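Below is one structure, written out as structure tokens; the observations come after it.
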2 protein chains.
Amino acid sequence: MVQKLEIHDDLDSRAREVLREIILQHIASGEAISSRTLAKCGRFHLSPASLRNVMADLEDLGYLQQPHTSAGRVPTDRGYRFFIDHMMNATRLSEEERHSIDDQVNHASQIEEVLQLTSKLLSTLSDQVGVVFMPTLLQFTVRSIDFILVAESKIICVIVGSNGVVVNKVLETRLTFTRDELEKIGRYITAEFSGLTLDAIRRRLIRMTEAERALHDDMLKKTIALGIEAVNDVAPVEHDLYVEGASSIFLKPEYADANSMRRTFLALQEKEKLIEILEQFLSEDGLQILIGSESDFTQVHNFSIVARRYGNQAAPLGMVGIIGPMRMEYARVAPLVDYLGRALSSKIEEEQERKQ
Amino acid sequence: MVQKLEIHDDLDSRAREVLREIILQHIASGEAISSRTLAKCGRFHLSPASLRNVMADLEDLGYLQQPHTSAGRVPTDRGYRFFIDHMMNATRLSEEERHSIDDQVNHASQIEEVLQLTSKLLSTLSDQVGVVFMPTLLQFTVRSIDFILVAESKIICVIVGSNGVVVNKVLETRLTFTRDELEKIGRYITAEFSGLTLDAIRRRLIRMTEAERALHDDMLKKTIALGIEAVNDVAPVEHDLYVEGASSIFLKPEYADANSMRRTFLALQEKEKLIEILEQFLSEDGLQILIGSESDFTQVHNFSIVARRYGNQAAPLGMVGIIGPMRMEYARVAPLVDYLGRALSSKIEEEQERKQ
DNA sequence: ATTGGCACTCAACAAGGTAGAGTGCTAACC
DNA sequence: GGTTAGCACTCTACCTTGTTGAGTGCCAAT
């Protein structure tokens with residue numbers, strides 16, 4: 001209610017319409033919008049001069065700005081923010097698009113495939129950069145651990161996480177095992193420790209090492225040793241981040257010159273930074289839109305980020321999103337990110353249920 | 001001998017020295033080299049005017065060219081080719097560098113890690129784009145196949161290739177198996193089929209399906225069915241290509257303008273094209289250097305590619321290499337690629353021996 | 001064979017000038 | 001009151017022009 005009042009105070013309905021039209025036209029063309037082009041569009045039965053007055057007001061209020069004196073106006077961060085919060089009517093995805101997405105997502109089977117596909121879909125359907133983020137296995141609980149004998153001292157350890165990710169790691173060990181022993185050890189460890197995080201498993205195993213000194217059970221000793229090796233320093237210490245369609249950046253006029261192209265590209269390479277920003281929103285529900293100066297990252301390069309959590313409420317798994325210039329078709333991108341987030345969530349949930 | 005004569009015919013020793021100096025200076029500076037700068041370097045006790053005569057000859061023979069009338073000279077593809085074939089003395093890597101490389105390579109354990117590390121080393125040590133190519137598992141023989149039960153109808157299949165690559169694939173099947181059965185099936189299939197390619201295994205299994213109709217052995221039936229599922233359509237249909245350091249391109253003056261930056265970047269994205277070029281040289285031994293117009297790919301973007309096969313003679317595994325502007329420090333890059341190729345080969349061979 | 005000298009060419013840069021787009025303001029209009 | 005035509009003003013983008021400096025090719029002298 002407070003907000004509504006404020007809006008009413010700031011902008012009468014005409015000013016809002018003008019702001020809206022400027023933003024839409026700017027998103028479509030990338031150019032600064034002048035009073036004349038605005039008048040020509042026909043939605044206002046006003047002369048350029050009158051529109052100039054309105055535009056001057058909008059500029060005073062911080063919704064628009066002029067790149068230079070004799071140029072038209074461009075929306076500010078604040079302008080976009082207002083547009084998104086109060087004036088955007090997101091178009092739903094068409095039936096066709098939804099079907100096409102569902103089809104493709106359902107066709108993939110490995111989690112990694114699904115994640116990559118999602119980032120690709122985000123990118124191609126929006127013509128922007130698509131990102132999908134999946135935190136490291138370290139943050140999830142383990143569903144099972146198994147061991148396969150490859151050679152005398154070479155054992156492959158396969159860990160399946162509660163997020164469905166399958167990780168394998170080659171262990172080299174001085175201990176020798178038969179296939180049967182490994183089979184049993186896998187069963188034992190899975191039965192005993194599934195549902196815990198890797199870290200918790202490691203701590204338990206280490207505690208067991210101490211307790212077991214007294215027992216002198218050789219098999220148990222070997223089991224614990226192998227378990228610790230498996231859990232220790234498991235491969236994906238890094239988070240997984242799929243960034244797709246970086247080249248789309250190079251076709252946008254706002255990044256046409258060599259310098260911003262370089263800077264932009266290098267920024268997208270900095271996965272740690274991106275992850276940091278996406279992680280911020282892991283705890284928040286619903287669609288997140290970050291505009292221009294609202295974040296370090298988006299500020300420097302005039303980016304906007306539209307992102308959403310995936311996974312179910314109880315256990316958020318990661319983030320999906322789109323990165324692009326501030327001037328992007330939010331009305332189209334927002335539902336796209338939302339839908340793909342949901343699709344990914346239900347796909348994963350469905351997988352998990354089937355595994356029960 | 002024929003070649004030597006030709007050289008002698010074309011270029012006397014002074015001309016060769018001049019060509020060499022021009023190429024070295026151009027590699028270092030990226031600028032066109034004028035007769036004056038050449039005279040100033042002191043290696044020739046000649047005036048600019050005399051050098052101009054030599055340079056004009058070299059231009060007539062196609063080793064040099066002028067970007068425009070009042071500019072210095074730049075080496076042509078042919079100039080570089082001559083330089084590399086007859087005049088380059090490759091500097092060996094320093095003891096330190098060799099140690100550092102060996103250390104890092106030995107530290108990695110998973111094949112994938114090693115490959116990625118190698119491409120990173122190639123890139124950072126040369127300040128160019130590093131690439132490592134590993135053909136799909138389909139081209140190698142299989143060392144072992146194992147199955148792990150995850151849930152009722154969900155089985156993870158782990159395939160280890162003779163190249164050391166470990167692939168896992170989640171199978172969904174209507175058949176039900178106990179862990180023990182899967183254990184046995186894995187042993188059976190590995191014993192029966194290791195040493196064959198995936199394709200050969202598939203064909204044998206299919207032949208068995210037909211033969212087995214008469215037998216009515218339920219277990220064998222299930223084994224074959226599962227085997228076919230495992231082998232069919234295995235995950236990495238694609239080749240693996242690690243491209244590292246693409247951003248280094250953006251710092252080279254030859255790609256400073258927005259257009260060539262865009263084109264260059266997009267070219268590096270086209271992995272299929274790159275793979276096609278690298279595959280061409282899988283059958284050839286020793287260091288390969290491809291300059292400018294010598295290939296479609298390198299022509300368009302003024303690239304050179306320095307590459308080398310890795311793996312042992314009997315079984316080539318893939319290619320390592322560097323991509324950069326024609327103007328690159330071949331004398332340094334060549335031994336680097338060569339050494340990393342060898343390092344990678346012996347690392348993999350060593351792994352394989354240990355696995356016997 | 002080598003070299004100094006000289007005319008010539010061309011890219012790169014700077015300066016000046018013009019056109020056009022767009023604004024803000026004011027005064028007139030409804 | 002809101003609306004609008006008119007006008008002076010501003011600023012960018014672009015074109016033109018001139019200048020500078022680097023570099024060449026050629027010729028005649030050494």
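Convention: sequence-line order gives letters A, B, ...; per-chain numbering from 1. These values consider heavy atoms only, across backbone and side chains, with no hydrogens, waters or symmetry-generated copies. Since we're looking at a predicted model, the values are computed, not measured.
Listed by first and then second residue, the side chain to side chain donor-acceptor pair (under 3.5 Å) pairs involving residues 41-62 of chain B are B/Glu17-B/Arg43, B/Glu21-B/Arg43, B/Ser35-B/Arg52, B/Ser47-B/Ser50, B/Glu59-B/Arg73 (not counting sequence neighbours).
Evaluation of the salt bridge (charged side-chain N to carboxylate O under 4.0 Å, His left out) rule for B/Glu294 yields B/Arg81 as partners, not counting sequence neighbours. With sequence neighbours excluded, no residue forms a salt bridge (charged side-chain N to carboxylate O under 4.0 Å, His left out) with B/Glu329. With sequence neighbours left out, A/Arg20 forms a side-chain hydrogen bond (donor to acceptor under 3.5 Å, both in side chains) with no residue at all. Partners of B/Arg332 under the side-chain hydrogen bond (donor to acceptor under 3.5 Å, both in side chains) rule, at least two apart in sequence or in another chain, are B/Glu97. Here A/Ser293 pairs with A/Asp77 under the side-chain hydrogen bond (donor to acceptor under 3.5 Å, both in side chains) rule; sequence neighbours left out. With sequence neighbours excluded, the residues satisfying salt bridge (charged side-chain N to carboxylate O under 4.0 Å, His left out) with A/Glu254 are A/Arg327. With sequence neighbours excluded, no residue forms a side-chain hydrogen bond (donor to acceptor under 3.5 Å, both in side chains) with B/Ser70. Applying the salt bridge (charged side-chain N to carboxylate O under 4.0 Å, His left out) test to B/Lys273 and every residue at least two apart in sequence or in another chain returns B/Asp296.
No side-chain donor-acceptor contact under 3.5 Å links B/Tyr242 and B/Thr118.
Counting to the nearest Å, the P atom of D/dC26 and the CE atom of B/Met55 are 14 Å from each other. In this entry the distance linking CZ of A/Arg14 with P of D/dG2 reads 9 Å, nearest Å. Per the geometry, CG belonging to B/Leu58 stands 12 Å off P belonging to D/dG25, to the nearest Å. The CZ atom of B/Arg73 sits 18 Å away from the P atom of D/dA22 (whole-angstrom rounding). Across the protein-nucleic acid pair, A/Leu64 atom CG and C/dG22 atom C1' stand 15 Å apart, rounded to whole Å. For the pair A/Gln65 CD and C/dG22 C1', the interatomic distance rounds to 16 Å; values are reported in whole Å. Rounded to whole Å, the distance from CD on A/Glu59 to P on C/dT23 is 10 Å. Distance B/Asp57 CG to D/dC26 P: 11 Å, rounded to the nearest Å.
Taken residue by residue, residues 35-44 of chain B places heavy atoms nearer than 4.0 Å to DNA chain D at B/Ser35. Using a 4.0 Å cutoff on non-hydrogen atoms, no part of residues 252-260 of chain B comes near DNA chain C.
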Once each nucleotide of nucleotides 3-21 of chain C is scored for protein heavy atoms under 4.0 Å, what B/S/- sequence comes out, 5' to 3'?
-> BBB---BBS---------B
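A/Tyr63 carries A/Arg78 over the face of its six-membered ring, with the cationic atom under 6.0 Å from the centre and within 45° of the normal.
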